[in-house]
K.L.:
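My questions all concern the structure below.
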Amino acid sequence: MSTSLALAQTQLLAPGGIGVEDLDRVFARALGHGIERADLYFQHSRQESWVLEDGIVKEGSHSIEQGVGVRAITGDKTGFAYSDEIALPALLDASRAARAIAREGHDDARAHALSVRDGHALYRPIDPVSSLGAADKVQALREIDALARSLDGRVTQVIVSLAGGVDTILVAASDGVLAADVRPLVRLNVQVIAGANGRREQGSAGAGGRYDYRELLGSGLGAE
């Protein structure tokens, strides 16, 4: 089993007590009464952001969203249903609803046994939000603030923002496909305002990528 798939199952299925074998029951419900094919799309999104202005944390946010979508297809008709609760009863209800929307008079289809499909990994399956503690993140922002001010005595204001998150995706289809993707993303932005002789100028720069905070900030910032 791939690392992405193991993490996706832990993040998306395990909290609701769902096993891969339970998805067969969902497909059996979705494919009944003339439905030709069906698929399930699970997603868990965790995001956070921090804003430090003049050495003070002015903003901070953290959010988690999750849900599962069910699609049932027959001919040129498609039925969609969604649940933000990832639990077997909710999945069965959503599959019933999707089937009812798309139902036609075609012969019933059967689901194939699920098998893992590993794609080409473009980045590591990690959770950046957990890569540093809250105190370390704030300390890193303060170090950046201090560094910006030390470079030029004309600096009057520094605003530093740090954001990170991870999207965990799991896809299962009645043709047997079972695949997952874990998508980390971090971003650092710095805005500096300087003034002298009645003139005020500002500049900004940023960096980011699909890795964790330690890789973004470097070993000298936010280190334990």
K.L.:
Checking Ala98 now: which residues fulfil side chain to side chain contact (heavy atoms under 4.5 Å, CB included) with it, not counting sequence neighbours?
P.N.:
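Val70, Ala72, Ala81.
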
K.L.:
Can any side-chain N or O of Ser174 pair as donor or acceptor with the backbone N or O of Ala38 at less than 3.5 Å?
P.N.:
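Yes; judged by distance alone, with no hydrogens or angles, the pair exists.
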
K.L.:
Is the shortest distance from a Lys or Arg side-chain nitrogen in Glu201 or Arg199 to a carboxylate oxygen in the other one below 4.0 Å?
P.N.:
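Salt bridge flag = yes for Arg199 with Glu201.
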
K.L.:
Using modelled atom types and a 3.5 Å cut-off, is there a donor and acceptor pairing between side-chain atoms of Lys137 and backbone atoms of Ala163?
P.N.:
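No, Lys137 side chain to Ala163 backbone: no donor-acceptor pair under 3.5 Å.
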
K.L.:
Determine, step by step, whether Arg46 and Ser130 satisfy the side chain to side chain donor-acceptor pair (under 3.5 Å) criterion, reporting the C-alpha distance in whole Å, the side-chain angles of both residues, the deciding distance to 0.1 Å, and the verdict.
P.N.:
CA-CA 10 Å; Arg46 184 184 184 194; Ser130 300; 3.0 Å; yes

K.L.:
Please confirm whether the backbone N or O of Val177 pairs with a side-chain atom of Asp175, one donor and one acceptor, at under 3.5 Å?
P.N.:
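Checked: pair present.
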
K.L.:
Find out if a path of hydrophobic residues (ILVMFWY) with successive side-chain heavy-atom gaps under 4.5 Å connects Leu7 to Val166.
P.N.:
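Yes, one cluster joins them.
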
K.L.:
Between the side chains of Arg183 and Asp181, is the shortest nitrogen-to-carboxylate-oxygen separation below 4.0 Å, so that they form an ion pair?
P.N.:
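Arg183 and Asp181: salt-bridged.
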
K.L.:
Under a single-linkage rule joining Ile, Leu, Val, Met, Phe, Trp and Tyr whose side-chain heavy atoms are separated by less than 4.5 Å, which residues share a cluster with Tyr41?
P.N.:
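Taking Ile, Leu, Val, Met, Phe, Trp and Tyr as members, Tyr41 shares its hydrophobic cluster with Ile169, Val171.
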
K.L.:
Between side-chain atoms of residues 83-94 and protein atoms elsewhere (two or more places apart, or another chain), which donor-acceptor pairs fall under 3.5 Å?
P.N.:
unit_1 : atom_1 : unit_2 : atom_2 : d
Ser83  : OG     : Glu85  : N      : 3.1
Ser83  : OG     : Glu85  : O      : 2.9
Asp93  : OD1    : Arg96  : NH1    : 2.9

K.L.:
Side chains of Val158 and Glu53: closer than 4.5 Å at any heavy-atom pair?
P.N.:
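Val158 vs Glu53: side chains apart.
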
K.L.:
Report the distance from atom CG of Leu132 to atom CG of Asp212, rounding to the nearest 0.5 Å.
P.N.:
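Rounded to the nearest 0.5 Å, the CG-CG separation comes out at 7.5 Å.
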
K.L.:
Report yes if the side chains of Ile144 and Leu162 come closer than 4.5 Å at any heavy-atom pair, otherwise no.
P.N.:
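No; the side chains remain at least 4.5 Å from each other.
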
K.L.:
Is Asp54 salt-bridged to Arg149, going by a charged N under 4.0 Å from an acidic O?
P.N.:
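A salt bridge is present here (some side-chain N lies under 4.0 Å from a carboxylate O).
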
K.L.:
Under a 3.5 Å distance rule, please check whether Thr156 uses its side chain to pair with a backbone N or O of Ile193 as donor and acceptor.
P.N.:
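Judged by distance alone, yes, a pair lies under 3.5 Å.
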
K.L.:
Once you round to the nearest 0.5 Å, how far does CG of Asp167 lie from CD of Gln47?
P.N.:
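Separation between the atoms: 5.5 Å.
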
K.L.:
Do Leu23 and Leu40 have side chains that get closer than 4.5 Å, going by heavy atoms?
P.N.:
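Leu23 vs Leu40: side chains touch.
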
K.L.:
Can you see which heavy atom on Val155 is nearest to which on Ala148, and at what distance?
P.N.:
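Nearest pair, atom of Val155 first, then Ala148: CG2-O, 3.8 Å.
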
K.L.:
Identify the heavy atoms of Ala180 and Leu5 that sit nearest to each other, and give their distance.
P.N.:
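Here Ala180 and Leu5 meet closest at CB-CA, 3.6 Å.
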
K.L.:
Does a donor on one side chain and an acceptor on the other come within less than 3.5 Å for Ser61 and Glu59?
P.N.:
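No donor-acceptor contact under 3.5 Å links the two side chains.
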
K.L.:
How long is the straight-line distance from CH2 of Trp50 back to NE2 of His62, given to the nearest 0.5 Å?
P.N.:
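Here the interatomic distance stands at 9.5 Å.
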
K.L.:
Using every non-hydrogen atom in the two residues, find where Arg29 and Ser95 come nearest and quote the distance to one decimal.
P.N.:
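Residues Arg29 and Ser95, closest heavy atoms: CG-OG, 3.2 Å.
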
K.L.:
Look at the side-chain heavy atoms of Ile, Leu, Val, Met, Phe, Trp and Tyr, link any pair under 4.5 Å apart, and say whether Phe27 and Phe42 land in one connected group.
P.N.:
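In one cluster: yes.
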
K.L.:
Who pairs with Leu185 by side chain to side chain contact (heavy atoms under 4.5 Å, CB included), at least two apart in sequence or on another chain?
P.N.:
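Counting only residues at least two positions away or on another chain, Leu185 forms a side chain to side chain contact (heavy atoms under 4.5 Å, CB included) with Arg210.
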
K.L.:
Hey, any chance Val186 and Ile126 share a hydrophobic cluster, counting ILVMFWY side chains that come within less than 4.5 Å of each other, even indirectly?
P.N.:
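Result: no, two separate clusters.
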
K.L.:
Should Val51 and Val129 be regarded as members of a common hydrophobic cluster, given that ILVMFWY residues are connected when their side-chain heavy atoms come within less than 4.5 Å of each other, either directly or indirectly?
P.N.:
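Looking at the clustering, Val129 is in a separate group from Val51.
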
K.L.:
Is it the case that one hydrophobic cluster holds both Val68 and Leu13, taking links as side-chain heavy atoms less than 4.5 Å apart, direct or via other members?
P.N.:
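Same hydrophobic cluster.
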
K.L.:
If we ignore hydrogens and angles and just use 3.5 Å, is the side chain of Glu36 paired with the main-chain N or O of Gly75 as donor and acceptor?
P.N.:
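Present.
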
K.L.:
Tracing side-chain links under 4.5 Å among I, L, V, M, F, W and Y, which residues wind up in one group with Leu122?
P.N.:
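Direct or chained contacts put Leu122 with Tyr123.
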
K.L.:
Which atoms form the tightest heavy-atom contact between Thr78 and Ala102, and what is the distance?
P.N.:
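Looking at all heavy atoms of both residues, the shortest contact is C-CB, 3.9 Å.
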
K.L.:
Scan residues 184-198 for pairs that pass side-chain hydrogen bond (donor to acceptor under 3.5 Å, both in side chains), counting only residues two or more places apart or in two chains.
P.N.:
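Passing the test, one end in residues 184-198: Arg187-Asn189, Gln191-Gln202.
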
K.L.:
Nearest 0.5 Å, what's the CZ-CG distance between Arg154 and Leu151?
P.N.:
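Arg154 atom CZ to Leu151 atom CG measures 11.5 Å (nearest 0.5 Å).
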
K.L.:
Quick check against the 3.5 Å criterion: does Tyr213 have a side-chain atom that pairs as donor or acceptor with the backbone of Gly164?
P.N.:
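Yes.
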
K.L.:
To the nearest 0.5 Å, how far apart are CG in Leu170 and NE2 in His44?
P.N.:
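Going from the CG atom of Leu170 to the NE2 atom of His44 covers 13.0 Å.
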
K.L.:
Any chance you could measure Leu217, atom CG, to Asp136, atom CG, to the nearest 0.5 Å?
P.N.:
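Going from CG on Leu217 over to CG on Asp136, the span is 10.0 Å.
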
